[in-house]
Every structure is written in structure tokens, then in C-alpha cells.
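Heads up: the structure comes next, in C-alpha cells.
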Amino acid sequence: MAPYHIRQYQNSDHKRVLDLFSRGMEENVPAAFRHMLAVPQTLLSLFGVLVTIVLVCGSWLLATACSLLILLCLWLLVWLSWRKYVATCLQTDLADITKSYLNAHGSFWVAESGDQVVGIVGCLPVKDPSLGRKQLQLFRLSVSSQHRGQGIAKALVRTVLQFARGQGYSDVVLETSIVQYSALALYRAMGFQKTDEYFVSAITRLMALSVLRFTYSLPIAWEPGM
């Protein structure tokens, strides 16, 4: 693999950034589907439908067909949910990255390898931080599937942490879904602590797809006279 370097976002990167983010998010659909199927209430519901149809119609074939149809509907529900999230991001902060990040007291970086953007990350100040805290939120971390395992994601997160230290922030916070397993492992390994867990909507609660909030507390710089 070619070496990489991290630099600030340029407008010419926009198309590649959108493509990288979209592809990275769509990779989570299978994991989200498997996670939903592993939830006890989902398994019980599928089993209940199967048993009910067998008892009422006496047909295992019909019961199996209905179960497969339900699974297909659940897959579409997960896929549409992720597609909606991606579309929302593309139409909001990622529509104009310079305006949303660079001109809003935040920043946005890309990891470049062989003249190709292979990783992205952004950050913005938290508008209503915890009392007495100055917090920066990490957004849109993503690395191309062909360039994982090289430490690019970790380097991008460290770039955000260094930026936060330089700007005098007390914490870096972020949110990620419960099925983004690689991201969860990365954040925990780098010292982020889970501080909250919630569901965005009734549908995500039904799908058992919670959002986890993490916080990384930065050391307070010592100043003369303190």
C-alpha cells in the first residue's frame, strides 16, 4: 500500500468525500440486519408467525414463505433507514463542507494516498456543552475499505484530538451506532469513554439500533500562576 498523509479538506475533494462516506455507511447495513435478528423480540416474533401459520393453515411451506417475506421486509427497513441517514448527511453538512466545517470554527481533513482521498474526518464545536466544559464533536470518520488496517482511522482521530488541544477544548465527543463495531473498538482503544446511549426514533428502537455517545477528556494545560 502507498503511504498516506493527512491534510485539510479542499473543494476539489468534495465528490470523493461524498462517495467515500456513502460507501462506508452502506457497509453497515448487513451488520445492522444481523443485529436486529439477534434481538430476542425479533426472534420470538418470527417464531410466533411461523407457528401460527402452521397451526391455522397446516402448511410448513406457507409458513416458511411468509417468514422469508418478513425477513425481506426487515432487510428493506434497515436498508431504507441507512439510506435516509446518508441522504440527510449529504443534504446538510456534507453539501458544503467549507461552509459547514471550515467556516464554522471547526475543521475537516482528508487522508490522501497516491493522490486519492482514502479517509475523512471532521469536527465542530458543541453548541450547548456540559456546564463548564468546552467541547468539540468529531464527525464523519470514514476510511476506504481498501486502505483499512494501516492506522489511517487512528491517525485521523489523533488529528482531531491535536486540533482540540490546540484550540483549548476540554473534551472531544462523538456519536456512533451500536453496529459500527470497528469504530467502537477504535474509540475505546484510544481512550474514549461511553457516556450515553439512546434511540433516534421509535423505528430504531424497534430495530434495536441505538446510538452510543463517547467522550475523550483532554488534560488541562498547566499555566503559570495556577
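Along the sequence shown, the residues carry numbers beginning at 1. Side chains included, hydrogens not; waters and symmetry mates left out as well; all remaining heavy atoms used. These numbers were taken from a predicted model, which means no experiment stands behind them.
Gly122 and Phe108 get closest at one heavy-atom pair: CA-CD1, 3.6 Å. Closest of all the heavy-atom pairs between Glu27 and Ser145 is OE2-CB, 3.7 Å. Considering every non-hydrogen atom in both Val118 and Leu20, the closest pair reads C-CD1, 3.4 Å. Listed here is the closest heavy atom pair of Lys134 and Gln167: NZ-O, 2.8 Å. When all heavy atoms of Thr204 and Phe199 are compared, the closest pair comes out as O-CD2, 3.6 Å. Looking at every heavy atom in both residues, Tyr4 comes nearest to Ala155 through OH-CB, 3.6 Å.
If you chain together hydrophobic residues whose side chains sit under 4.5 Å apart, Leu136 and Val173 never meet in one group. Val126 and Leu102 end up in different hydrophobic clusters when Ile, Leu, Val, Met, Phe, Trp and Tyr side chains are linked at under 4.5 Å. Hydrophobic clustering, with ILVMFWY side chains joined whenever heavy atoms are under 4.5 angstrom apart, groups Val29 together with Tyr85. No chain of hydrophobic side-chain contacts below 4.5 Å, direct or via other Ile, Leu, Val, Met, Phe, Trp or Tyr residues, connects Phe33 to Val39. Clustering ILVMFWY residues whenever any of their side-chain heavy atoms sit less than 4.5 angstrom apart, transitively, puts Leu90 in the very cluster that holds Val110.
In this structure the side chain of Val143 reaches within 4.5 angstrom of the side chain of Leu156, judged on heavy atoms. Residues Met25 and Arg83 are not in side-chain contact: their nearest non-hydrogen atoms beyond the backbone lie 4.5 Å or more apart. Phe139 has its side chain out of reach of Glu175: every pair of non-hydrogen atoms, C-beta onward, lies at least 4.5 Å apart. Side-chain contact between Ser170 and Leu218: absent, with no pair of heavy atoms (C-beta onward) separated by less than 4.5 Å. Looking at Val179 and Tyr181, their side chains come closer than 4.5 Å, going by heavy atoms from C-beta outward. In this structure the side chain of Val157 never reaches within 4.5 angstrom of the side chain of Tyr216, judged on heavy atoms. Side-chain contact between Gln193 and Ser217 is absent, with no heavy-atom pair separated by less than 4.5 Å. His14 has its side chain within reach of Ile97: a pair of non-hydrogen atoms, C-beta onward, lies under 4.5 Å apart.
Here the straight-line distance linking atom CD1 of Ile152 with atom CD1 of Ile120 works out to 12.5 Å at 0.5 Å rounding. Distance CD/Gln10 to OG1/Thr98: 9.5 Å, rounded to 0.5 Å. A distance of 10.5 Å separates CZ in Phe214 from CG in Leu186, rounded to the nearest 0.5 Å. Note that the CG atom of Leu94 and the CG atom of Asp96 stand 10.5 Å from one another [nearest 0.5 Å]. Distance check: Leu124 CG to Arg140 CZ gives 9.0 Å after rounding to the nearest 0.5 Å. Rounding to the nearest 0.5 angstrom, the gap separating the CG atom in Leu209 from the NE2 atom in His35 is 5.5 Å.
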Notebook entry, point to check: Should Leu161 and Phe192 be marked as a side chain to side chain contact (heavy atoms under 4.5 Å, CB included) after you check the CA-CA gap, both sets of side-chain angles, and the distance that decides it?
Noted result: CA-CA 11 Å; Leu161 296 178; Phe192 284 82; 4.1 Å; yes
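Arg16 has no carboxylate O lying under 4.0 Å from a charged side-chain N of Asp13, or vice versa, which leaves the two without a salt bridge.
Other residues, nucleotides and ligands place more than 12 heavy atoms under 6.0 Å from the CZ atom of Arg165.
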Which pairs would a plain distance check flag for residues 70-82, meaning a side-chain donor or acceptor within less than 3.5 Å of a matching protein atom at least two apart in sequence or in another chain?
{"unit_1": "Ser81", "atom_1": "OG", "unit_2": "Leu77", "atom_2": "O", "d": "2.8"}

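Ser210 meets the side-chain hydrogen bond (donor to acceptor under 3.5 Å, both in side chains) test with Glu197; sequence neighbours excluded.
Between the side chains of Gln180 and Tyr187, no donor-acceptor pair of N or O atoms lies under 3.5 Å.
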